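Proteins get letters first, then strands, A, B, ... in listed order; numbering begins at 1 in each. Values below: all heavy atoms of this structure, side chains included; hydrogens, waters and symmetry mates excluded. A quick note: this is a predicted structure, and the numbers were derived from the prediction, not measured.
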2 protein chains.
Amino acid sequence: MVANTTVEEVLAELEQADTLESIQDAILKLREYFQVENMVYHWVDSAGEQYGYGTYPLEWATRYQEQNYIRIDPVIAGCYKRFHPVDWKKLDWSSKAVRAFQAEALEYGIGNQGYSIPIRGPNGQFALFTVNHTCDDADWEKFTEDNRRELILIAHYFNQKALEFEPNRAPEQSQPLSPREIDAMTLLAIGYSRAQVAETLSISEHTLRVYIESARFKLGASNTTHAVARALSRGLIVV
Amino acid sequence: MVANTTVEEVLAELEQADTLESIQDAILKLREYFQVENMVYHWVDSAGEQYGYGTYPLEWATRYQEQNYIRIDPVIAGCYKRFHPVDWKKLDWSSKAVRAFQAEALEYGIGNQGYSIPIRGPNGQFALFTVNHTCDDADWEKFTEDNRRELILIAHYFNQKALEFEPNRAPEQSQPLSPREIDAMTLLAIGYSRAQVAETLSISEHTLRVYIESARFKLGASNTTHAVARALSRGLIVV
DNA sequence: TTCGACCTCGCTATTTCTGGGGAGTTAATA
DNA sequence: TATTAACTCCCCAGAAATAGCGAGGTCGAA
């Protein structure tokens, strides 16, 4: 046992912190506290930029980037589809490419066990907090059961920090859509054609077009598809 | 003080629960534990269906629905744009309609203080866990500071349950898109025209069209906009 | 090895969408 | 009260998307 440092203390510290290094710092302290091999915080901001902090070996991080492993990493894929913390064992490792990736990760010193907590924001932000270790299944299950709650909380705190540091948030904020614009975007997003939307909303197709256009301008979109995509990722409409 | 029931116990109970009533049940116990007037869990599933559980007076819930207050409720609006727990005081109550809404809510027995925790899922699911009380600002601040962590955890547990009960998840699962289809959908989602996408991917526009078509079929979409919207809300592409 | 899934390219005709205009009413806000 | 924002309607020409059909090569998995 280590730990004159408790989770509480680290979180309190993190809350006050005002530099990016503080995230890295907190990760190191928490890793020590939890006695795991790796602890990583990964964040995708609303502009699609990625940031990673944590204890993965530099060589692995480089390799990962070079090979664009984010495309095949089942942790990313799995967490993107999921809502809740997930044990790596429950992910889909069946394909050949994925197993090769897994083998390579092991070589680079990534543990055989992992637990990742996905959290997502209103503008497409996506964060992943991962703990990673080498041990057998039983020990790992005990570890995750015992610490799940703390890990969820830690993930939240990291996110709070990351959001503070996100540079391009204000510029991405767009004017809100008017009710009619929201109606139009929503119906388009569920597959209605212009004619159908106009009929559904009981307005002329000409009028509808005005809404689509103004929504497009508000969203800075270059066409209808783009506008709907933006409205969706900014949480202005829900489908 | 009440509480031979602790948060831990309620959460453990909730974890085992297998009926919707269990959510309501847990809310009542937690309200007692935290000694607040209202506690509400509100959930929007991936099909846009809404569910609410909690202790708001029935008259208020009815009134809220009848008036379609969800459209002006600043708690909804604010949490939709936010990432993190938010105190109601920090929301935008400036517009006239909103202040009228607020006054009415007070009349119906909704406390003057509130704290809401938004959480969102990969398919547009959105959940809100709210505690609500009548007291002065200082007391409320102390309450939220003291209990924030527990409240975040509780929100997570409610979500876990809610997701289990979500009916229309499996059918919405679609075949995965091929790499080229993902490329195409992604570029379309960021506003490229067909010609631009084809050029970016260095393929003919004819070929591109095949990808878009096959993606459309896989996604069960009736047009490109629909396909991109579905790909987005299913987390198959990221923008 | 065979099957399926993926990637690539081609054609034609029809329907739909986009990008410019303009104009009048109502409702809320400053 | 003046102004702003939202809602509604109209025209037109050119650009883009859709719905059919076809073909051939590669690569991984059963």
Side-chain angles (χ1 to χ4, degrees), chain A residues 71-72 92-101 174-189 191-231 236, chain B residues 71-72 92-101 174-189 191-231 236:
Chain A
R71 289 222 149 182
I72 57 166
D92 178 19
W93 300 89
S94 63
S95 104
K96 201 172 162 183
V98 169
R99 276 198 308 276
F101 163 78
S174 51
Q175 308 174 50
L177 299 181
S178 79
R180 278 316 217 188
E181 286 160 358
I182 292 176
D183 291 341
M185 290 291 111
T186 305
L187 293 172
L188 289 172
Y192 284 30
S193 70
R194 274 193 185 181
Q196 289 175 304
V197 174
E199 202 196 336
T200 307
L201 297 179
S202 306
I203 55 177
S204 77
E205 211 177 317
H206 308 281
T207 304
L208 171 68
R209 235 181 49 202
V210 176
Y211 297 141
I212 300 175
E213 292 272 282
S214 63
R216 261 183 45 226
F217 282 117
K218 284 184 180 177
L219 294 162
S222 48
N223 55 43
T224 303
T225 300
H226 192 195
V228 170
R230 288 209 155 167
L236 300 172
Chain B
R71 287 219 153 183
I72 57 167
D92 177 20
W93 300 90
S94 61
S95 103
K96 202 171 163 185
V98 169
R99 277 198 307 275
F101 163 79
S174 54
Q175 307 173 50
L177 299 180
S178 79
R180 278 315 221 189
E181 286 159 0
I182 292 175
D183 292 341
M185 289 292 109
T186 306
L187 293 172
L188 289 172
Y192 284 31
S193 70
R194 275 192 182 182
Q196 288 175 304
V197 174
E199 201 197 335
T200 305
L201 297 180
S202 307
I203 55 176
S204 77
E205 213 176 316
H206 305 283
T207 304
L208 172 68
R209 235 180 48 201
V210 176
Y211 297 142
I212 300 174
E213 292 273 284
S214 64
R216 259 183 48 223
F217 283 116
K218 284 184 180 175
L219 294 163
S222 48
N223 55 43
T224 304
T225 300
H226 192 196
V228 169
R230 288 209 156 170
L236 301 173

Notebook entry, point to check: What residues form a side chain to side chain contact (heavy atoms under 4.5 Å, CB included) with A/S204, not counting sequence neighbours?
Noted result: A/H206, A/T207
Checklist line | Flag if over 12 foreign heavy atoms under 6.0 Å of CZ, B/F101 | finding: yes
Next item on the list: Sequence neighbours left out, what passes side chain to side chain donor-acceptor pair (under 3.5 Å) with A/E213? Give chain and number order.
Entry: A/R216
Next item on the list: Can you tell me the distance, in whole Å, between the CD atom of B/E213 and the P atom of C/dC11?
Entry: 17 Å
Check: Short question: side chain of A/R230, backbone of B/G191 - any donor-acceptor pair under 3.5 Å?
Finding: no
Check: B/S222: what forms a side chain to side chain donor-acceptor pair (under 3.5 Å) with it, not counting sequence neighbours?
Finding: B/H226
Margin query: Rounded to whole Å, please give me the gap between CD1 in B/I212 and C1' in C/dT16.
Written below: 15 Å
Item checked: Over all atoms of both residues, closest heavy-atom pair of B/A229 and A/V228 -> CB-CG1, 4.1 Å
Item checked: Test side chain to side chain contact (heavy atoms under 4.5 Å, CB included) applied to B/V98 - qualifying residues, sequence neighbours left out -> B/P74, B/W93, B/S95
Margin query: Tell me whether the side-chain N or O atoms of A/R209 pair up with the base of C/dG19 as donor and acceptor below 3.5 Å, since no angle test is needed here.
Written below: yes
Checklist line | Any residue meeting side chain to side chain contact (heavy atoms under 4.5 Å, CB included) with B/I182, in chain and number order, not counting sequence neighbours | finding: B/L177, B/T186, B/I237
Checklist line | Contacts of type side chain to side chain contact (heavy atoms under 4.5 Å, CB included), residue A/S193, not counting sequence neighbours | finding: A/A195, A/Q196
Next item on the list: Assign A/T224 to base, sugar-phosphate, or nothing according to its heavy-atom contacts below 4.0 angstrom with the strands shown.
Entry: sugar-phosphate
Item checked: Below 4.0 Å: OP1/OP2 of C/dT18 and any side-chain N or O of A/R194 -> yes
Next item on the list: Give A/T225 one of three labels, base, sugar-phosphate or nothing, depending on what nucleic acid heavy atoms sit under 4.0 Å from its own.
Entry: nothing
Note to self: At a heavy-atom distance below 4.0 Å, which nucleotide of DNA chain D is the first touched by chain A, and which is the last?
What the structure shows: D/dA6 to D/dA29
Next item on the list: With sequence neighbours excluded, tell me which residues meet side chain to side chain donor-acceptor pair (under 3.5 Å) with B/T225.
Entry: A/T225
Item checked: Helix axis bend for the helix from C/dT1-D/dA30 to C/dA30-D/dT1 - C1'-based end axes, five pairs, 10° rounding -> 80°
Next item on the list: Specify the residue among B/N223 and A/R99 whose closest nucleotide of DNA chain D lies further upstream toward the 5′ end.
Entry: B/N223
Item checked: Pairs where residues 193-211 of chain A contributes a residue and the test salt bridge (charged side-chain N to carboxylate O under 4.0 Å, His left out) is met, not counting sequence neighbours -> none
Show each protein N/O and nucleotides 2-9 of chain C N/O combination with a separation under 3.5 Å, one pair to a line.
from	atom 1	to	atom 2	distance (Å)
C/dC6	OP1	B/K218	NZ	3.3
C/dC7	OP1	B/R180	N	3.1
C/dC7	OP2	B/S178	OG	2.5
C/dC7	O3'	B/Y211	OH	3.4
C/dT8	OP1	B/R180	NH2	3.1
C/dT8	OP2	B/R180	NE	2.8
C/dT8	OP2	B/Y211	OH	2.2
C/dC9	OP2	B/S204	N	2.6
C/dC9	OP2	B/S204	OG	3.4
C/dC9	OP2	B/T207	OG1	2.9

